[in-house]
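Structure record follows, encoded as structure tokens.
Keep in mind the model is a prediction, meaning the values are calculated, not measured.
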Amino acid sequence: MTYPVDMSVKPEISAHFDDATNTITYIVKDPNSDHCAIIDSVMDIDYAAGRITYDAADALIAEIQSRGLTLDWIIETHVHADHLSAAPYLQQKLGGKIGVGEKIMVVQETFGKVFNEGTEFQRDGSQFDALFKDGDTYMIGTMQAFAMYTPGHTPACMVHVVGNAAFAGDTLFMPDGGSARADFPGGDAGVLYDSIQKVLSLPDEMRLFMCHDYGPNGRAIEWETTVAEQKADNIHVGGGKSRDDFIKFRTERDAQLAMPRLIMPSLQVNMRAGEVPTDQDGNPMLKVPINAI
Ligand SMILES: [Fe+2]
């Protein structure tokens, strides 16, 4: 696959860091128009109380409205397991299309079973407005963006590239954070290594924006790096580390990791493009399947 990389296009990027889930949401603006996209939004949840609020999403809406921007796209790099998407709320307030990788269908099939969803839960990705295949392009104002298929963390992961900026989703973390786990259902460490190599084959000067940062070893939160920095310094894949070494390391590490605190609500909501499921009476309701993942 040859991707339509154009480093001459320089989107304006603003980052919103969510303290509760260590997620970074991006507003990506076309420098030549008022159009923008949002990548990986967050809906706030107090899981213990079953309470959903929209402070993080409202901050995005306030910025977009105060800058007078038109929202073209609400992009999900993948079905996140650690935070809930605010895509439908943002779409209701601002418009725009919700897009995700077409392999969402695989994720819906897998977790449709885990959560014992009925036939009313469609497994065809129809909850989303656009399903991207590897190399598909789309426009943000006058800028052409494209999606790169990067499975391994999940089967539906995509990295989105807009001019000289790439949004890494959960492939890579900052160089001192390494890489994302590959042990969720449908994940695969070797496939993740191959996807990371695809990202690292982008131009050295490509700006790389992380979806998460946890501030390893007490450093301040960061989210931007470059392909060159990742190739040189990434603690899991940098300096030419081999595929076999990566698989061994990743598999051993993943076996030690606890499940993300919000995995149960996140999967149920995010596989529905951010809609909260309902019970037989139409009330918003979440499930916890026992010993199922
Ligand atoms: Fe993730």
Side-chain angles (χ1 to χ4, degrees), residues 17-25 39-48 50 52 56-57 74-88 98-101 103-117 121 123 125 127-128 149-160 167-173 177-189 191-192 195-196 210-214 223 236 250-251 253-277 286-293:
F17 180 71
D18 180 56
D19 280 315
T21 63
N22 288 69
T23 304
I24 301 106
T25 301
I39 299 184
D40 289 334
S41 66
V42 175
M43 177 162 76
D44 307 303
I45 186 168
D46 176 342
Y47 189 37
I52 279 174
I74 303 163
I75 299 290
E76 300 293 329
T77 56
H78 63 291
V79 172
H80 306 277
D82 57 0
H83 69 273
L84 283 64
S85 165
I98 304 173
V100 75
K103 297 290 184 195
I104 181 71
M105 296 180 224
V106 177
V107 175
Q108 289 176 328
E109 196 57 52
T110 302
F111 291 108
K113 285 201 188 85
V114 168
F115 291 100
N116 194 30
E117 303 293 354
F121 174 61
R123 277 95 159 158
Q127 300 88 343
F128 297 81
Y149 183 44
T150 54
H153 170 65
T154 79
C157 287
M158 300 203 94
V159 169
H160 287 259
F167 298 88
D170 284 6
T171 51
L172 291 159
F173 294 146
S179 60
R181 65 195 298 171
D183 62 331
F184 294 148
D188 185 298
V191 172
L192 177 59
S195 292
I196 288 171
M210 306 299 110
C211 182
H212 295 291
D213 188 63
Y214 302 92
W223 47 76
H236 296 171
R250 191 68 265 171
T251 306
R253 165 68 68 89
D254 289 349
Q256 311 294 320
L257 297 175
M259 281 293 139
R261 184 171 57 88
L262 296 177
I263 188 169
M264 291 297 173
S266 298
L267 292 173
Q268 289 172 82
V269 166
N270 295 340
M271 72 182 184
R272 292 176 165 83
E275 296 286 355
V276 178
L286 292 162
K287 298 175 187 171
V288 179
I290 302 303
N291 298 335
I293 59 171

Quiz item: If you round to the nearest 0.5 Å, how far is CD of Glu117 from CZ of Arg123?
Solution: 7.0 Å

Quiz item: So Asp18 and Thr25, side-chain contact (heavy atoms from CB on, under 4.5 Å) or not? Walk me through it.
Solution: CA-CA 8 Å; Asp18 180 56; Thr25 301; 5.9 Å; no

Quiz item: Do Met264 and Met259 come close enough that some side-chain heavy atom pair is under 4.5 Å?
Solution: no

Practice problem: Report the C-alpha separation of Thr154 and Val79 in whole Å, then their side-chain angles, then the decisive distance to 0.1 Å, and conclude whether the side-chain contact (heavy atoms from CB on, under 4.5 Å) test is met. | Solution: CA-CA 8 Å; Thr154 79; Val79 172; 5.8 Å; no

Self-check item: Heavy-atom closest pair, residues Gly125 and Gln108
Solution: N-OE1, 2.9 Å

Practice problem: Spell out, as yes or no, whether a donor-acceptor pair under 3.5 Å connects the side chain of Asp213 to the backbone of Trp223. | Solution: no

Quiz item: Taking all non-hydrogen atoms of both residues, which atom of Pro277 and which atom of Arg272 are closest, and how far apart?
Solution: CB-CZ, 3.4 Å

Quiz item: Which atom pair, heavy atoms only, marks the closest approach of Pro260 to Arg181?
Solution: CD-NH1, 3.7 Å

Quiz prompt | Ser266 side, atom OG; Leu84 side, atom CG - distance, nearest 0.5 Å | solution = 4.5 Å

Quiz item: Quick one: does Thr21's side chain get under 4.5 Å of Asp82's, heavy atoms only?
Solution: no

Quiz prompt | Heavy-atom side-chain contact between Cys157 and Lys103 under 4.5 Å | solution = no

Quiz item: Is there side-chain contact between Pro289 and Phe111, with at least one heavy-atom pair below 4.5 Å?
Solution: no

Quiz item: Looking at Ala156 and Ile104, what are the two nearest heavy atoms and their distance?
Solution: CB-N, 3.5 Å

Quiz item: So how far is it from Ile293 CD1 to Ile263 CD1, rounded to the nearest 0.5 Å?
Solution: 3.5 Å

Exercise. For residues Asp188 and Pro151, determine if any side-chain heavy atom of one lies less than 4.5 Å from a side-chain heavy atom of the other.
Key: no

Practice problem: Could you check Met43 against Val269 for side-chain contact (heavy atoms from CB on, under 4.5 Å), going step by step and ending with a plain yes or no? | Solution: CA-CA 10 Å; Met43 177 162 76; Val269 166; 4.0 Å; yes

Exercise. Could you walk me through whether His78 and Asp170 pass the side-chain hydrogen bond (donor to acceptor under 3.5 Å, both in side chains) test, one step at a time?
Key: CA-CA 8 Å; His78 63 291; Asp170 284 6; 3.2 Å; yes

Quiz item: Are any side-chain N or O atoms of Gln268 and backbone N or O atoms of Lys287, one a donor and one an acceptor, separated by less than 3.5 Å?
Solution: yes

Quiz prompt | Nearest-0.5 Å distance, OG1 of residue Thr150 to CD1 of residue Ile196 | solution = 9.0 Å

Self-check item: Val114 and Pro185, any side-chain heavy atoms less than 4.5 Å apart
Solution: no

Quiz item: Between Val42 and Ala56, which heavy-atom pair has the shortest distance, and what is it?
Solution: O-CB, 3.7 Å

Quiz prompt | Distance (rounded to the nearest 0.5 Å) between Met158 CE and Phe167 CZ | solution = 15.5 Å

Practice problem: To the nearest 0.5 angstrom, please state how far the CG atom of Leu172 sits from the OG atom of Ser195. | Solution: 10.0 Å

Practice problem: Would you name the heavy atoms of Ala87 and Ala273 that are closest together and state the gap between them? | Solution: CB-O, 3.9 Å

Exercise. Check the pair His80, Asp40 against side-chain contact (heavy atoms from CB on, under 4.5 Å), reporting the backbone distance first and the verdict last.
Key: CA-CA 9 Å; His80 306 277; Asp40 289 334; 2.8 Å; yes

Quiz item: Does the side chain of His153 reach to within under 4.5 Å of the side chain of Cys211, using non-hydrogen atoms?
Solution: no

Exercise. Could you tell me whether a side-chain N or O of Arg250 sits under 3.5 Å from a main-chain N or O of Ser179, the two making a donor and an acceptor?
Key: yes

Practice problem: Find out whether Tyr149 and Val159 are in side-chain contact, i.e. whether some heavy atom of one side chain is under 4.5 Å from a heavy atom of the other. | Solution: no

Quiz item: Any idea how Tyr214 and Phe173 line up, ring-wise: parallel (<30°), tilted (30 to 60°), or perpendicular (>60°)?
Solution: perpendicular

